[in-house]
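The structure under discussion appears below in the form of structure tokens.
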Protein chains: 2
Amino acid sequence: MGAEWTGTKAIARSESIRRATLELAHERGFAKLSIEAVAARAGVGKHTIYRRWPSKGALFLDAVLALNEGAFEYPETGDIVADLRQQMYAAVDLLGRPPLGPLYRSLLGEAQHDPAVSAALNERFIAPQTQRTIARLEKARDRGQLSPDFDLELAMSILSGPIYFQVLIADEPVTHDYVDKVLAALFAGMGPRASSPPGGDQRPPG
Amino acid sequence: MGAEWTGTKAIARSESIRRATLELAHERGFAKLSIEAVAARAGVGKHTIYRRWPSKGALFLDAVLALNEGAFEYPETGDIVADLRQQMYAAVDLLGRPPLGPLYRSLLGEAQHDPAVSAALNERFIAPQTQRTIARLEKARDRGQLSPDFDLELAMSILSGPIYFQVLIADEPVTHDYVDKVLAALFAGMGPRASSPPGGDQRPPG
DNA sequence: GTCGGAACGGCACGTGCCGTGTCGTAATCC
DNA sequence: GGATTACGACACGGCACGTGCCGTTCCGAC
């Protein structure tokens with residue numbers, strides 16, 4: 001988005017628009033954001049915005065994600081749990097708290113209404129992030145630190161899901177302690193007496 | 001919402017408004033829903049809507065939740081895993097697929113923009129549902145089917161979180177098989193060789 | 001009953017923002 | 001250096017908002 005505007009002035013204009021978008025979203029909230037206000041704040045004609053982004057949601061997505069080009073990389077200390085924990089701390093601290101937290105939450109909300117935003121969000125952020133997590137888990141598995149039939153994607157969902165749930169559904173902040181608990185539960189399980197699962201015919205893990 | 005309109009005609013009017021809201025949301029999507037269109041479809045003045053609901057989001061929330069007054073109850077076969085699984089199947093089938101799925105997803109999206117909707121959603125649906133899950137788990141724990149230090153709220157988040165993640169973030173449908181995997185992973189854990197967790201200092205489960 | 005206030009449907013209004021069109025100007029490309 | 005393209009500014013029609021005002025209908029109190 002905006003990638004085809006390569007001139008010096010054009011880039012400066014795009015950045016000015018993104019900055020105005022974030023300022024206004026921060027001041028009044030995404031719901032009350034208007035293209036007209038962004039154009040006025042950025043000192044730009046409305047056409048210039050519409051020429052670069054197809055909708056308010058697309059502009060907002062681009063503005064928010066551009067803040068975070070340096071993605072969340074996983075450290076590689078050899079300890080898979082410690083590495084996951086450190087990355088999750090960083091992600092939760094950045095995306096779960098002000099100033100970026102409310103904006104990211106609004107972005108996720110908008111993705112529920114607009115399929116284009118949902119697709120772009122997935123392509124630009126969710127999928128790459130998922131891939132990084134899976135790659136890190138895969139490396140641990142290949143080194144014998146995890147069971148050979150370890151389900152990488154399922155593990156990724158169990159790590160991320162509860163955290164998004166906490167923020168989006170339960171409307172409560174996520175602490176480092178909460179991250180620790182999720183990690184512990186994922187790897188150790190919560191079965192009775194921490195060994196054999198209670199009755200039922202559920203499949204073995206992995 | 002609307003609880004103070006008790007007359008026969010008033011109740012019929014409210015139901016007519018809710019029905020029109022759901023019809024139009026189904027036809028055009030929540031984003032393109034307008035109060036004017038609802039009023040016209042319901043054969044009602046705009047004032048009548050504004051008198052009962054403070055916003056489009058509040059009206060939509062009320063309309064969607066009124067469809068599901070009969071909440072998701074847990075069976076009590078004595079097998080905690082089987083009971084959880086059966087309830088989760090029902091919830092996923094109803095809220096994760098058309099016709100109700102897209103509406104529920106829009107409702108969750110709106111809750112990210114509007115604190116009033118978020119609070120009402122929590123009070124009317126999320127919190128009671130959470131309480132039902134916790135109560136069912138607590139009963140199992142008290143019967144010795146789960147570890148005494150079993151963390152009920154954490155377990156609830158680990159059951160629900162990945163499912164919401166799958167729908168809202170990954171934008172993929174939730175199958176019964178997926179529910180089975182989450183349940184298995186929660187109780188058995190995904191640690192290496194399904195016993196001791198890999199290095200790190202994470203706390204024990206619960 | 002009937003009577004008075006509240007809620008009603010219908011209509012109109014001013015406002016805000018949308019997305020587009022049209023200027024004359026400035027930057028950019030060949 | 002000439003043509004093309006993007007630009008800021010402004011205007012436009014359109015839509016939906018939320019509110020105010022009609023005259024009518026409903027409904028509980030008396």
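Labels below follow one simple rule: chain letters A, B, ... track the order of the sequence lines, proteins then strands, and each chain is numbered from 1. Since the model is a prediction, treat every value here as computed from it, not as a measurement.
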Query raised in the report: For the helix from dG1(C)-dC30(D) to dC30(C)-dG1(D), how many degrees between its two end axes (five pairs per end), to the nearest 10°?
Result: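 End-to-end axis angle for the helix from dG1(C)-dC30(D) to dC30(C)-dG1(D): 30°, rounded to 10°.
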Report task. Mind running side-chain contact (heavy atoms from CB on, under 4.5 Å) on Asp83(A) and Gln86(A) for me, showing each step along the way? Result -> CA-CA 5 Å; Asp83(A) 288 359; Gln86(A) 180 168 334; 5.5 Å; no
Requested in this report: If a pair satisfies ring pair (Phe, Tyr, Trp, His ring centres under 6.0 Å) and one of its residues is in residues 70-94 of chain B, list it, with sequence neighbours excluded.
Outcome: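 Applying ring pair (Phe, Tyr, Trp, His ring centres under 6.0 Å) to every pair that reaches into residues 70-94 of chain B, excluding sequence neighbours, yields Tyr89(B)-His176(B).
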Query - Gap between atoms OH and C1', on Tyr50(B) and dC8(C) respectively (whole Å) - result: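 After rounding, the reported distance stands at 17 Å.
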Report task. Could you tell me the separation between the CZ atom of Arg51(A) and the P atom of dT20(C), rounded to a whole number of Å? Result ->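 Atom CZ in Arg51(A) sits about 12 Å away from atom P in dT20(C).
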Report task. Examine distances only and state if a side-chain atom of Ser106(A) and a backbone atom of His113(B) form a donor-acceptor pair shorter than 3.5 Å. Result ->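 Flag not set: sc Ser106(A) to bb His113(B) has no pair under 3.5 Å.
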**Report entry** Partner residues of Glu36(A) under the salt bridge (Lys or Arg N to Asp or Glu O under 4.0 Å) criterion, sequence neighbours left out
**Finding:**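 Glu36(A) satisfies salt bridge (Lys or Arg N to Asp or Glu O under 4.0 Å) with Lys46(A) only.
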Do [X] and [Y] make a side-chain contact, defined as non-hydrogen atoms from C-beta onward lying under 4.5 Å apart?
X	Y	answer
Phe125(B)	Asn68(B)	yes
Asn122(B)	Glu172(A)	no
Tyr164(B)	Leu108(B)	yes

Query - Row check, Trp5(A) ring normal vs Arg52(A) NZ/CZ: under 6.0 Å, within 45° - result: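 Pair Arg52(A)/Trp5(A) counts as cation-pi.
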Requested in this report: To the nearest 0.5 Å, tell me how far Arg41(B) CZ sits from Glu27(B) CD.
Outcome: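 With rounding to 0.5 Å, CZ (Arg41(B)) is 4.5 Å from CD (Glu27(B)).
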Query raised in the report: Can Tyr178(A) and Glu153(B) be said to form a side-chain contact (heavy atoms from CB on, under 4.5 Å), step by step?
Result: CA-CA 11 Å; Tyr178(A) 186 80; Glu153(B) 301 205 9; over 6 Å; no
Provide a list of protein-nucleic acid N or O atom pairs under 3.5 angstrom, restricted to nucleotides 25-30 of chain C.
none

Query - Base of dG21(C) paired with side chain of His47(A) (donor-acceptor, under 3.5 Å) - result: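 Answer yes: a donor N or O sits under 3.5 Å from an acceptor.
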Requested in this report: Assess the pair Phe30(A) and Phe60(A): is the distance between their ring centroids shorter than 6.0 Å?
Outcome: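 Distance test on ring centres: under 6.0 Å, yes.
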Query - DNA chain C contacts made by residues 38-46 of chain B, counting heavy atoms under 4.0 Å - result: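 Within this stretch, Gly43(B), Val44(B), Gly45(B) sit under 4.0 Å of the strand.
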Query raised in the report: After noting the C-alpha distance and the side-chain angles of Lys56(A) and Asp114(A), does the key distance pass the salt bridge (Lys or Arg N to Asp or Glu O under 4.0 Å) rule?
Result: CA-CA 10 Å; Lys56(A) 167 181 150 180; Asp114(A) 184 339; over 6 Å; no
Requested in this report: Take Leu146(A) and Met190(B) through the side-chain contact (heavy atoms from CB on, under 4.5 Å) test and state the conclusion after the steps.
Outcome: CA-CA 8 Å; Leu146(A) 296 170; Met190(B) 298 180 68; over 6 Å; no
Query - Bounds of contact between DNA chain D and chain A, in 5' to 3' order, using a heavy-atom cut-off under 4.0 Å - result: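 Span of nucleotides near chain A: dA6(D) to dA9(D).
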